[in-house]
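To start, the structure under review is shown below, and the notes come after it.
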Amino acid sequence: MTEPVVHGNETFGVCDERFAAVGAAFDALLSEGVELGASFAVVHDDEVVVDLWGGYSDIGRRHRWERDTIVMVSSTAKIVASIAGLMLIDRDLIALNEPIATYWPEFAAAGKSEITVRQIFCHETGVPGFGDSLPSETIMGDWDACVAHLAAEPPWWEPGTKSGYHSMSYGYLLGELVRRTTGVSYAAFIQSELLAPLDADFSIGVP
């Protein structure tokens with residue numbers, strides 16, 4: 001590895017020569033306009049062998065993508081939600097086979113009284129999203145509105161009979177269990193109980 005260099009005026013960072021093809025492919029995505037901006041890293045045998053970034057962080061191409069540009073993540077945040085849920089289980093605050101409504105009574109509405117905590121982890125609650133009635137800006141910005149909607153939402157299929165990726169609801173379902181059983185917000189719990197002890201550069205919401 002060497003000091004950060006420029007690759008094709010778009011990509012910055014370092015790339016081990018063994019992974020030159022990776023660096024070339026990354027730069028091509030930026031220089032050909034497939035990606036507006038991005039960063040990418042590879043750790044191999046405990047060694048950072050690729051650490052690249054480039055392009056722009058805004059559509060107007062006014063701001064360069066930097067090594068520490070903050071990005072939003074979606075499905076990878078489910079790992080954090082899962083860890084929070086497992087911490088609650090470890091502390092005997094929730095139980096896998098207990099109905100969600102035991103801790104969150106409003107969730108029993110619309111035939112959901114028997115849906116269990118386990119079925120959240122397995123993506124089997126039948127409530128994978130918000131339907132068509134909740135605007136996207138509310139989904140991103142109003143926790144109370146989102147969890148109230150999920151509590152009222154009827155299952156999209158019979159809970160427990162099949163699995164369907166809970167792309168939009170997973171973090172809210174586990175996060176509301178955090179709030180109901182600990183008395184603090186999901187974001188605050190994650191920050192104090194998980195991120196701060198690990199000194200992890202991650203946050204739920206932008207500080």
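Nearest heavy-atom pair, Leu30 versus Ala38, reported as atom, atom and distance to 0.1 Å: CD2-N, 4.2 Å. Closest non-hydrogen pair, Ser113 versus Pro99, comes out as O-CB, 3.4 Å. Heavy-atom minimum distance, Ala152 versus Ala110: O-CB, 3.6 Å. Pairing each heavy atom of Gly171 with each of Ala81, the nearest pair is CA-CB, 4.2 Å. Closest of all the heavy-atom pairs between Ala84 and Tyr186 is CB-CE1, 4.1 Å. Between Ala151 and Ala109, the shortest heavy-atom distance links the atoms O-CB, 3.5 Å.
The cluster map of Ile, Leu, Val, Met, Phe, Trp and Tyr, joined by side-chain heavy atoms under 4.5 Å apart, puts Met87 and Phe202 in the same cluster. Cluster annotation: Trp156 and Phe121 are assigned to distinct hydrophobic clusters (Ile/Leu/Val/Met/Phe/Trp/Tyr, side-chain heavy-atom contacts under 4.5 Å, transitive). No continuous path of ILVMFWY side-chain contacts below 4.5 Å connects Ile70 to Leu198, so the two sit in separate hydrophobic clusters.
Taking 4.5 Å as the limit, some side-chain heavy atom of Pro105 sits within range of a side-chain heavy atom of Arg180. Residues Asp16 and Val50 are not in side-chain contact: their nearest non-hydrogen atoms beyond the backbone lie 4.5 Å or more apart. The shortest distance between side-chain heavy atoms of Phe189 and Ile204 does not fall below 4.5 Å. Between Pro159 and Thr125 there is no side-chain heavy-atom pair separated by less than 4.5 Å. Between Val147 and Trp104, the closest side-chain pair of non-hydrogen atoms falls below 4.5 Å. Residues Val117 and Leu177 have side chains in contact (heavy-atom distance under 4.5 Å, counting atoms from C-beta outward). At least one side-chain heavy atom of Val71 sits under 4.5 Å from a side-chain heavy atom of Trp65. Counting only heavy atoms from C-beta outward, the side chains of Arg179 and Trp143 approach each other to under 4.5 Å.
Checked for salt-bridge contact, Lys112 and Glu106 miss the test: no charged N lies under 4.0 Å from a carboxylate O.
Ser82 is linked by a side-chain hydrogen bond (donor to acceptor under 3.5 Å, both in side chains) to Tyr170, counting only residues two or more places apart in sequence or in another chain.
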Task: Working for side chain to side chain contact (heavy atoms under 4.5 Å, CB included), residues Tyr103 and Glu98 - done: CA-CA 9 Å; Tyr103 316 103; Glu98 194 70 21; 3.3 Å; yes
Open item on the list: Run Ile190 and Ile83 through side chain to side chain contact (heavy atoms under 4.5 Å, CB included) and show every step you take.
Closed with: CA-CA 9 Å; Ile190 291 296; Ile83 293 171; over 6 Å; no
TODO: Report the C-alpha separation of Lys162 and Glu124 in whole Å, then their side-chain angles, then the decisive distance to 0.1 Å, and conclude whether the side chain to side chain contact (heavy atoms under 4.5 Å, CB included) test is met.
DONE: CA-CA 6 Å; Lys162 62 181 178 179; Glu124 293 181 349; over 6 Å; no
TODO: Apply side chain to side chain contact (heavy atoms under 4.5 Å, CB included) to the pair Trp53 and Phe40, showing each step before the final yes or no.
DONE: CA-CA 6 Å; Trp53 62 92; Phe40 182 74; over 6 Å; no
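In this structure, NE2 on His166 lies 9.5 Å from CG on Leu150, to the nearest 0.5 angstrom. A distance of 13.5 Å separates CG of Asp51 from CZ of Phe12, quoted to the nearest 0.5 Å. Rounded to the nearest 0.5 Å, atoms OG1 (Thr181) and CD1 (Ile94) are 6.5 Å apart. Rounded to the nearest 0.5 angstrom, Gln119 CD and Leu96 CG are separated by 11.0 Å. Rounding to the nearest 0.5 Å places CG of Asp27 at 9.0 Å from CG of Leu52. Distance OG/Ser169 to OH/Tyr165: 10.0 Å, rounded to 0.5 Å.
A donor-acceptor contact shorter than 3.5 Å links the side chain of Ser163 to the backbone of Cys122. Panel note: side chain Thr76, backbone Val73; no donor-acceptor pair is recorded below 3.5 Å.
Summarising the local packing, CD1 of Ile59 is surrounded by 12 or fewer heavy atoms from other residues, nucleotides or ligands at distances under 6.0 Å. Enclosure of atom CG in Asp144 by more than 12 non-hydrogen atoms of other residues, nucleotides or ligands within 6.0 angstrom is indicated.
Through direct or indirect side-chain contacts shorter than 4.5 Å among Ile, Leu, Val, Met, Phe, Trp and Tyr, Leu29 is connected to Val34.
Judged by a 6.0 Å distance limit and a 45° cone about the ring axis, Arg64 is positioned over the six-membered ring of Tyr56.
Ring planes of Phe130 and Tyr172: perpendicular class, angle over 60° (limits at 30 and 60°).
When the options Leu93, Asp92, Leu86 are evaluated for a side-chain contact (heavy atoms from CB on, under 4.5 Å) with Ile89, the one that passes is Leu86.
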